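In what follows, a structure is listed as structure tokens, so that the remarks can point back to it.
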Amino acid sequence: MEKNYVNLDVNPCKMCMPMGMATVLKGIKNCMTILHGSQGCSTYIRRHMATHYNEPIDIASSSLTEEGTVYGGENNLKTALLNVIKLYSPEVIGIGTTCLAETIGEDIDRIIKEVKDIEPYNKVRMITASTAGYKGTQFEGYHVAMRSIIQQLADNPVKNKKLNILVPHLTPADIRYIKEVLNDFNADYTLFPDFSETLDSGYSKEYKRIPEGGTDAKDIANMGGAKASIQLGVTVPHELSAGHYLLERFRVPLFQIPVPIGVKNTDRFIKLLSQLTGNPIPVKYKKARARALDAMIDSHKYNAQGKATLFGEPELVYSLASLCIENGIKPEVLAIGGKNVLFKKLLAPLVVKEGYNPLFLSEADFETIQQQTIIRNSNILIGSSDGKWIEEREGIPLIRVGFPVHDRIGAQRRLNVCYEGTLRLLDEITNCLIEHKHDGYRKEMYESFYKKQVCSQ
Amino acid sequence: MSSIYKKEPTDYTIIQERNKSIAKNTANNIVSITCDSDSVAGTVSQRACVYCGARVVLNPITDAYHIVHGPIGCASYTWDIRGSLSSHSEIYRNSFSTDIQEKDVIFGGEKKLEAAIAEIIEKNRVNPPKLIFVYATCIIGVIGDDIEAVCKRAEEQYGIRVIPVKSPGFAGNKKDGYKAACNSLMTLMKQSKNLQKVKGINFLGDFNLAGEMWLINNYFREIGIQVVSTFTGDACYDNLIKAPSASLNIVQCAGSMTYLAKQMQKQFEIPFIKISFFGVEDTSESLLKIARHIGDEALIKRAEKFILGIKEKTEKELLYYRKRLHNRRAAIYVGGGFKAISLIKQFNDLGMKIVIVGTQTGKAEDYEEIYKLADEGTMILDDSNPYELEKFIKETGADILVGGVKERPLAYKLGLAFCDHNHERKHPLAGYEGAINFAKEIDESINSPIWSFIKEIDSETEGIEDDVRDIFQEVYNEKIVKLMKV
């Protein structure tokens, strides 16, 4: 279905490609980011990420001005590289383009090739991605960045025993938990991008301008020799998928599975790990699964009252929808801000099988999501804090999950994955539905049934 | 709390091109600083772009449709993030973007923009728009869409005001965006340039963050000062076009609005004065200044009386905070010079010491004023960055940083208190009520119990207390001894 306005996006449910690039680069060890464009792009992205993660987000800009726009921004980019090296001493610098750089035809790969052997540029490994803001959303930017970086860094095809774990935009807490699961399976792995520490670091007496943590570029170099890749992300199209690149280029077997949110999706992940590592499922996870099932039984009648509008990036909405479906929460509106063919193709059979008939919205804005939410009579919203607009207007409660969450604290440490995270998230949803029902039922019953009558004594 | 940093020099070196924008305040105040220049690439400037400057100035106009002509990011990152309140329309809280795609970049975006304007008109027949702003972003500047022509045609076709805002991000810095916004406001007001003058003021450079404009307007009402129009806090089309009839412009946010005031002086013959409603001292002085400019003896008397009453009440409350904040060291890094100057005065009033003053877009005259007001040894920075802020916070032993959203996590990670003096604030910091809120916020952060943990962190134990048992044993000792005896 089309959005209400054809020529306008009214209240966007998407961001731009450089945002995705900036997020991925936060997942590389000792890496700094430069956005080649005007100063605003990096500052806006820094602000957006800073309020979500509550962490300092240092992203440099080549600060293109009128002169750079007319005569080329090569000098600006070179200066930016030099200054970033001086101020941050990174091992890796990731350079993303912006609308401006792409439109004026900046060839950043050529610029980098020119300087990469010269002191002091030769001290750092420079990686690039083409991320014009108008070519896609943050989702595409994220995957383009992942794929480009692996293309540039994975240069050692010698076989090794490691698993590649390719993660989409999850919370740092999610990534920490996935690493815990991998360790419990005794898996030898390279997880990329790993922003579990860099975007959620602890307080330490010594402030680090580039926070500790992140995937080591040296480990990325060996990804082509891995035993297999697990890509958490079924809606990532082949041409954007890092897993597909490793498959095509190095014949690394690829297992593309959904983000482990919901019991079924988590089962897939856990079983796959067991198969690939040859190790049995640890008791810990069997217990966690049993607890999740127990909780789902406890909550099922409350959940049956739920009529949900889900919105955000395709991968997250896909797994959130699975969670809703397996708990009897009716999906009413399933909306993504960008274009994604796989999203509906994969999700539609799932919902149809359970007898639901939700409205799929692609390239949706919140103006349309709001209107369809009212038409469909949803009673719960699940997605980023940008849904606060509908919450405020229509009084429908919002479960904040995804990016960005600007108006609540702690989005970076929310666990949503595997049995434990699924349960935490489900409890939040269920409690919201209970609260909704308990708040209103006295009045509702009174208004529906009470007729004034004389008491007979 | 006093800072965890010991006022020691660090080994951080400053990028050479940045040295001229950094100065230490000396006794004879002869230092000068380079400002109003392009940001140095790769230094992680805290500034945004031209579009950002324009957007912040015009955004609070409540019944306007703000169309961001460009790719989605520019609209997405600026959607409803600021704390400007409205007493009527909420149209301004929506984000309208032409969401430029690759094919538009190739074939041009004029047609899409035209269709977008048509759609807004078509879909809002019940409550027809009066005013549309069309912002040009980087890409529009490069692909060369003639937004002026599109806007002009739309005005003719629909009979409403459709005003271009020339704000491609790369065409200067944030300050050029202020100017672009002011030019758009001038374009809007030209239609009513011959209005009969009335005895009243326009209030320029207040954005009604957390209701600050309302709060100040209450003072005006009590004193008897009539407000014709506001720029741009809680502004609407009908009031904005009345602005040329005012007899005085008062300018608060000088960085963004002095240009508009000068233009209005030239074209509508409205004189202007600079005022500030931050801090007790500035608020009182500003009220008197306005009364003297427009009023007779009676009005001035009323102002004096009003100030006397409210000042006494405020001072009483501030006393408590002065005791708790005395001699603490404050660092300031904010957007414009006017705010920095007001903050210095407020900190001085609270008995605090200023150790750093920096702005993103201050002007030479702002810095002159800053030299005069700030203590000797104060570090003065223009268009600074996280690296320099870290260096000087450590070297000056600051206890608190005042700044915007991006500075907050830096302060916290450095173990520093923080005051949110940004456009997202949810409580007023202006006027007398705001002066108390300000002191309260400083106190709540600087005297929070959290900092005692930070100070105790020792690298070996990572701060984990190991004498917990001892404490409890001391308390229970008597009892334990007794029990042992039994």
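Per chain, numbering begins at 1; letters A, B, ... match sequence-line order. This one's a predicted model, so the numbers in the text were calculated from it and none came from an experiment. Just the heavy atoms: all of them, side chains too, but no hydrogens, waters or symmetry mates, feed the values below.
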Are N94(B) and W389(A) side-chain neighbours, meaning at least one heavy-atom pair lies under 4.5 Å? yes
For K394(B), is it the side chain, the backbone, both, or neither that has a heavy atom closer than 4.5 Å to a heavy atom of chain A? side chain
Chain B shares the most heavy-atom pairs under 4.5 Å, among G133(A), C99(A), A50(A), with C99(A)
So which part of T137(B) gets closer than 4.5 Å to some heavy atom of chain A, the side chain, the backbone, both or neither? neither
Best-contacting candidate, P404(A), S63(A), P56(A), against chain B by heavy atom pairs under 4.5 angstrom: P56(A)
Does the side chain of R46(A) come within less than 4.5 Å of V44(B)'s, by heavy atoms? yes
Contacting moiety of D80(B), where chain A heavy atoms sit under 4.5 Å: both
Segment of I67(B) engaging chain A (4.5 angstrom heavy-atom cut-off): side chain
Pick one of side chain, backbone, both or neither for D365(A), based on which atoms fall under 4.5 Å of a heavy atom in chain B. neither
L100(A), I85(A), T79(A): which one forms the most heavy-atom pairs within less than 4.5 Å of chain B? L100(A)
Any non-hydrogen side-chain atom of F366(A) less than 4.5 Å from a side-chain atom of W79(B)? yes
Rounded distance [0.5 Å steps], CG in L64(A) versus CZ in F170(B): 9.5 Å
So which of R47(A), M32(A), E367(A) has the largest heavy-atom pair count under 4.5 angstrom toward chain B? R47(A)
Of the listed G202(A), S201(A), A132(A), the one with the largest count of heavy-atom pairs under 4.5 Å with chain B is S201(A)
Under a 4.5 Å heavy-atom cutoff, which of K123(B), Q46(B), Q101(B) has the most pairs with chain A? K123(B)
Name the region of Y12(B), side chain, backbone, both or neither, that has any atom closer than 4.5 Å to a heavy atom of chain A. side chain
Considering non-hydrogen atoms only, spot the tightest contact between D99(B) and K14(A) and give its length. OD2-NZ, 2.6 Å
Measure the CG-OG1 distance between D58(A) and T43(B) for me, rounded to the nearest 0.5 Å. 11.0 Å
Sort by residue number and list every residue of residues 37-45 of chain A having at least one heavy atom under 4.5 Å from chain B. S38(A), Q39(A), G40(A), T43(A), Y44(A), I45(A)
Structural part of V68(B) lying under 4.5 Å from a heavy atom of chain A: neither
Below 4.5 Å, heavy atoms only, C-beta onward: do P12(A) and S95(B) meet side chain to side chain? yes
Rounded to the nearest 0.5 Å, the OH atom of Y203(A) sits from the CD1 atom of I450(B) at a distance of 9.5 Å
If you look at every heavy atom in G42(B) and V84(A), which pair is closest and at what distance? O-CG2, 3.5 Å
Would you say L410(B) and Y207(A) make side-chain contact, with heavy atoms under 4.5 Å? yes
Given side chains that start at C-beta, do those of I72(B) and T137(A) come closer than 4.5 Å, heavy atoms only? no
By a 4.5 Å heavy-atom criterion (distance strictly below it), what part of I81(B) contacts chain A: side chain, backbone, both, or neither? side chain
Just wondering, do R408(B) and T51(A) contact through their side chains at under 4.5 Å, heavy atoms? yes
Please classify the contact of K208(A) with chain B as side chain, backbone, both or neither, using a heavy-atom distance under 4.5 Å. neither
Bottom line for E122(B): the part with an atom under 4.5 Å from chain A's heavy atoms is neither
So which atom in K205(A) and which in I454(B) form the shortest heavy-atom distance, rounded to 0.1 Å? NZ-O, 4.3 Å
Mind checking whether E67(A) and D38(B) have side chains closer than 4.5 Å, heavy atoms only? no
Does any heavy atom of chain A fall under 4.5 Å from the side chain of I120(B), the backbone, both, or neither of them? both
Which atoms of E424(B) are under 4.5 Å from chain A, going by heavy atoms: the side chain, the backbone, both sets, or neither? side chain
